2 protein chains.
Amino acid sequence: MARATTPPRPPGRPRAGIDAEVFAATLRTVDELGYTHATVDRIAAAAGVAKTTIYRRWPSKGALITACLVDAFGPLPIKAGDSREEVIASAIRFGALRIAEPGLAAAFAGVFTDAISDPELREILSTQLQDPYRLVLQEVLGESEQRVLFFVDVVIGTLLHRMGMTGEPMVKADVDALVEMVVSYLG
Amino acid sequence: MARATTPPRPPGRPRAGIDAEVFAATLRTVDELGYTHATVDRIAAAAGVAKTTIYRRWPSKGALITACLVDAFGPLPIKAGDSREEVIASAIRFGALRIAEPGLAAAFAGVFTDAISDPELREILSTQLQDPYRLVLQEVLGESEQRVLFFVDVVIGTLLHRMGMTGEPMVKADVDALVEMVVSYLG
DNA sequence: CGGTATCGATACTTCTAGTAGCGAAATCTC
DNA sequence: GAGATTTCGCTACTAGAAGTATCGATACCG
């Protein structure tokens with residue numbers, strides 16, 4: 001990929017590289033206290049930075065959590081040569097694995113709830129978290145946007161609902177059932 | 001059904017019949033302002049009652065919203081003679097219709113998020129809202145508890161995720177797809 | 001050294017969940 | 001009707017959280 005000349009460094013003191021610590025502290029705190037009680041104050045303290053430093057980077061708690069989710073989920077693993085069924089199955093298992101990680105489900109559900117009544121946050125969530133996966137899947141599966149969005153709703157919605165109702169991640173047998181159901185429908 | 005002798009009325013001033021007004025005001029307020037900004041103060045004002053009166057009936061905001069959801073969803077419509085597929089399909093469409101009603105999705109997602117980090121609320125939500133439907137479906141479909149819970153996760157999770165991501169209820173074509181997918185798997 | 005932007009710290013405003021206390025009103029029992 | 005009991009609306013309050021403002025100190029550039 002052609003890379004433009006390295007962007008000129010802006011003047012002033014450069015920002016410290018604290019994103020990793022902040023993200024880790026965020027997930028740790030959300031896991032221990034839940035989305036509501038994971039205050040920005042506490043997250044900042046857990047990360048060893050000042051609250052104002054966090055607000056200088058992310059405009060709101062919801063934006064911080066979303067950035068944290070983007071970082072934690074990471075790219076969808078797609079092996080070259082995977083069949084259509086294998087792509088779908090591995091995407092589902094990928095989602096299940098991630099959502100089972102400490103704090104991730106609570107963080108996701110929290111930002112998600114706020115998004116229902118906050119169009120700005122919904123925009124951030126949709127663009128930064130959902131779109132990357134959607135675009136990859138549209139490309140790889142050759143499906144329409146509507147179709148892939150439906151797929152994402154089913155998979156993420158199901159996994160999150162289980163976490164919300166039971167407080168525990170979905171067991172393997174149910175993940176297998178989800179894979180089987182979706183693959184037999186979309187495959 | 002054998003009914004015990006009418007319970008003796010407790011002494012003191014009887015409670016006013018305000019549940020309907022409070023529930024309506026709750027959904028109206030949540031629809032307008034979202035779960036987070038639908039404060040108990042505002043709900044009370046919209047219902048024309050004092051905030052303390054609300055807290056005398058429901059122990060927390062989450063419990064109020066849950067009671068409101070139980071009231072708004074109502075019983076699952078099952079026609080005698082319905083086939084297995086028809087029961088599943090009508091249950092899904094029932095859920096889609098309800099969740100599309102103003103305020104319901106936001107209320108549901110909000111209480112749901114709080115439940116992830118609040119075991120007491122999770123207990124209320126599970127017992128009062130989910131169990132009635134689960135028991136009916138176990139009975140009618142002759143499926144195990146695990147199987148029916150999986151079904152509920154898929155249907156409600158999918159519908160809620162769509163509302164959270166788009167702010168709009170799922171369109172008919174996608175509800176049809178959901179019905180087809182689930183029926184072909186469970187039917 | 002001068003300019004600029006970040007860092008940590010503290011203090012502050014605004015808003016919300018939930019509680020306490022009070023006088024007034026409603027209902028039952030005697 | 002009198003007394004007991006409980007609810008009602010109202011006001012005031014506490015505790016906690018999101019987000020902002022300010023300030024001295026610090027890091028980097030030219």
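Every value quoted in this text rests on a predicted model; they were computed, and no experiment measured them. So you know, we letter chains A, B, ... as the sequences are listed, proteins then strands, and number each from 1.
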Does a side-chain N-to-carboxylate-O contact under 4.0 Å join Arg93(A) and Asp176(A)? yes

Near DNA chain C, under 4.0 Å by heavy atom, which residues of residues 42-69 of chain B? Arg42(B), Lys51(B), Thr52(B), Tyr55(B), Ser60(B), Lys61(B)

Is a salt bridge present between Asp19(B) and Arg57(B), judged by a nitrogen-to-oxygen distance below 4.0 Å? yes

Quiz item: cation-pi between Lys61(B) and Tyr55(B), 6.0 Å / 45°: no

Taking 4.0 angstrom as the limit, do Arg134(A) and Asp131(A) come out as a salt bridge? yes

Does a nitrogen or oxygen in the side chain of Arg15(B) sit under 4.0 Å from OP1 or OP2 of dT7(D)? yes

5' precedence on DNA chain D between Ala16(B) and Pro11(A) (nearest-nucleotide basis): Ala16(B)

Between atom CG in Asp41(A) and atom C1' in dT10(C), what is the gap in whole Å? 12 Å

Check Arg42(A) with Glu32(A), please: is the shortest side-chain N to carboxylate O separation under 4.0 Å? no

In whole Å, I'd like the distance from the CG atom of Asp118(A) to the P atom of dA18(D). 14 Å

Less than 3.5 Å apart, any donor N or O on the side chain of Asp114(A) or Tyr35(A) sitting next to an acceptor on the other? yes

Spacing of Arg13(B) atom CZ relative to dC8(D) atom P, expressed in whole Å: 6 Å

Grab the CD-C1' distance between Glu21(B) and dC8(D) for me, whole Å please. 15 Å

